[in-house]
Amino acid sequence: MATDRQERHAARLLSRDFFNRDPRRVARQLLGKLLVRSDGVDRLVGRIVETEAYLGEDDAAAHAAAGKTARNAVLFGPPGHVYVYLIYGFHFCLNVSCLPEGEPGGVLFRALQPESGIDIMARNRGISGNPFQASKVLTSGPGRLTQAMGITRSRDNGKDFLSPASDLQLMEDGFRVRKIEVTPRIGITKAAEPLWRYTIAGNEFVSRPSGLNSKST
DNA sequence: ATATCGATTATCT
DNA sequence: GATAATCGATATG
């Protein structure tokens with residue numbers, strides 16, 4: 001029996017309607033779902049444990065706040081598509097578009113729990129040694145998870161997450177989230193107050209515990 | 001354990 | 001020309 005898998009249901013693609021609604025609702029509902037990268041013969045799978053919602057003109061922290069540009073066009077497009085941007089000159093951040101075409105909105109993926117392909121993720125992250133020992137540093141953070149999954153702007157921006165042919169998909173396998181924690185979003189200066197960050201409570205792979213306690217091992 | 005800092009570039013003022 | 005939805009290394013308690 002596999003040590004790192006529990007058979008639940010066969011994973012299946014999420015629906016378009018899942019993303020055709022308020023990003024805050026999508027961000028919450030995405031917890032526990034799967035991000036799947038099909039990379040030739042390799043299949044990299046991570047379970048979503050941390051997300052943030054970004055709205056349109058009512059959200060000063062959102063890329064879409066000031067209107068449509070070449071960079072943020074995907075956020076204004078149809079729901080369920082890949083929005084990738086480069087931040088601080090170094091790191092890519094992965095988002096999914098929400099709401100119907102014409103209405104901007106998206107969800108930022110902030111952390112995953114590695115499920116399959118951990119050795120490949122470690123290689124992509126340039127980490128040597130036991131990948132399971134290093135697993136907390138593989139995909140815990142928006143820049144880390146894109147590197148682990150091999151996600152870049154040139155490769156992935158604008159793709160459909162929901163196409164059966166896509167090499168980047170969002171799926172569900174029946175996993176149930178017990179408790180969700182809600183906090184302010186991380187790393188922003190404008191609109192820092194709203195509680196639009198969602199995490200699976202107690203999950204080890206969340207990028208930052210949430211406020212009060214951090215813990216030692 | 002927390003704090004500070006430097007790296008590097010696309011995008012927008 | 002300034003800024004940004006970050007990370008990792010270093011310093012210090």
Side-chain angles (χ1 to χ4, degrees), chain A residues 19 22-24 26-28 30-31 35 46 48-77 81-99 104-112 114 121-129 131 133-158 161 181-199 204-217:
Chain A
F19 298 95
D22 189 297
R24 289 164 291 194
V26 176
R28 177 183 283 269
L30 272 175
L31 295 177
L35 177 65
I48 299 161
V49 301
E50 176 180 350
T51 59
E52 284 177 1
Y54 287 87
L55 311 185
E57 60 184 6
D58 295 330
D59 180 4
H63 286 182
K68 187 174 176 177
T69 66
R71 176 177 67 157
N72 67 20
V74 175
L75 294 173
F76 290 78
H81 286 252
V82 179
Y83 173 50
V84 179
Y85 65 89
L86 181 68
I87 188 66
Y88 295 112
F90 281 85
H91 309 287
F92 292 104
C93 289
L94 176 70
N95 303 252
V96 56
S97 61
C98 301
L99 294 170
V107 172
L108 170 69
F109 295 76
R110 285 196 57 93
L112 307 173
M121 293 183 192
R123 196 174 67 203
N124 289 344
R125 293 268 295 121
I127 291 168
S128 53
Q133 273 186 322
S135 66
K136 284 165 206 71
V137 115
L138 290 181
T139 54
S140 295
R144 288 168 172 174
L145 74 88
T146 53
Q147 188 179 23
M149 301 289 276
I151 291 164
T152 67
R153 177 168 157 83
S154 59
R155 181 178 181 187
D156 298 303
N157 190 57
F161 270 119
E181 214 165 326
V182 180
T183 77
R185 296 175 293 184
I186 305 263
I188 56 175
T189 55
K190 294 169 282 190
E193 316 83 35
L195 307 180
W196 293 343
R197 172 175 177 256
Y198 306 87
T199 62
E204 301 279 338
F205 296 89
V206 167
S207 70
R208 223 205 114 160
S210 82
L212 304 179
N213 351 318
S214 48
K215 50 182 192 174
S216 58
T217 49

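It should be emphasised that the depicted structure is a prediction, and the values quoted were computed from it without experimental measurement. In what follows, chains are A, B, ... by sequence order, proteins preceding strands, each numbered from 1.
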Using nucleotides 9-13 of chain C, report all nitrogen or oxygen pairs with the protein that are shorter than 3.5 Å.
none

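Taking the side chain to side chain donor-acceptor pair (under 3.5 Å) definition, one finds that A:R125 meets it with A:Q147, sequence neighbours left out. Legend: residues meeting side-chain contact (heavy atoms from CB on, under 4.5 Å) with A:T139, ordered by chain and number and at least two apart, are A:L112, A:P114, A:M121, A:L145, A:A148. Not a single side-chain contact (heavy atoms from CB on, under 4.5 Å) links A:A65 to another residue, sequence neighbours left out. Qualifying side-chain contact (heavy atoms from CB on, under 4.5 Å) partners for A:I186, counting only residues two or more places apart in sequence or in other chains: A:E52, A:R110, A:R197, A:R208. Annotation: side chain to side chain donor-acceptor pair (under 3.5 Å) contacts of A:R155 (sequence neighbours excluded): A:D39. In this view, A:T51 and A:A27, A:L30, A:L31, A:I48, A:V107, A:Y198 satisfy the side-chain contact (heavy atoms from CB on, under 4.5 Å) rule, not counting sequence neighbours. Scored by the ring pair (Phe, Tyr, Trp, His ring centres under 6.0 Å) test, A:Y85 finds A:H63, A:Y83 as partners (sequence neighbours excluded).
The base of C:dA5 lies close enough to the side chain of A:Y85 for a donor and an acceptor atom to sit less than 3.5 Å apart.
Distance, A:N95 CG to C:dT6 P: 11 Å, rounded to whole Å. The distance from atom CZ of A:F92 to atom P of B:dA10 is 9 Å, rounded to the nearest whole Å. The OH atom of A:Y88 sits 7 Å away from the P atom of C:dA4 (whole-angstrom rounding). The separation between A:R110 atom CZ and C:dA5 atom C1' is 7 Å, rounded to whole Å. Between the CG atom of A:L86 and the P atom of C:dA5 there is a distance of 12 Å, given to the nearest Å. At whole-Å resolution of the value, CZ in A:R197 and P in C:dA5 are 16 Å apart. Following rounding to the nearest Å, A:I188 (CD1) and C:dT3 (P) show an atom-to-atom distance of 17 Å. Between the CZ atom of A:R125 and the P atom of C:dC7 there is a distance of 8 Å, given to the nearest Å.
Counting all heavy atoms, side chain and backbone alike, A:G67 lies closest to A:F76 at C-CZ, 3.5 Å. The two atoms that bring A:N157 and A:V82 nearest to each other are OD1-O, 3.4 Å, heavy atoms only.
Counting only residues at least two apart or in different chains, side chain to side chain donor-acceptor pair (under 3.5 Å) contacts with residues 186-196 of chain A are absent.
Nucleic acid contact for A:I87: sugar-phosphate only, since backbone atoms but no base atoms lie under 4.0 Å from a heavy atom of the residue.
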Bracket notation of DNA chain B in which parentheses pair within the strand, [ ] cross earlier pairs, and | pairs with another strand (Watson-Crick or G-U, under 3.5 Å): |||||||.||||.

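Atoms CG and OG1, from A:D156 and A:T146 in turn, are 9.5 Å apart once rounded to the nearest 0.5 Å. The CG atom of A:N124 lies 9.5 Å from the CG atom of A:L138; values are rounded to the nearest 0.5 Å. Rounded to the nearest 0.5 angstrom, A:S97 OG and A:F161 CZ are separated by 8.5 Å.
Contact check of residues 65-75 of chain A against DNA chain C (heavy atom, cut-off under 4.0 Å) returns no residues at all. For the segment residues 137-151 of chain A, the set of residues with a heavy atom within less than 4.0 Å of an atom of DNA chain C comprises A:G141, A:P142, A:G143, A:R144, in numerical order.
When the side-chain nitrogen and oxygen atoms of A:R153 are compared with OP1 and OP2 of B:dT9, none of them lie within a distance under 4.0 Å.
Taking only side-chain atoms of A:H91, from C-beta outward, the nucleotide of C:dG8, C:dA5, C:dT6 with the closest atom is C:dT6.
Of the candidates A:L108, A:L86, A:V84, A:L108 is the only one forming a side chain to side chain contact (heavy atoms under 4.5 Å, CB included) with A:C93.
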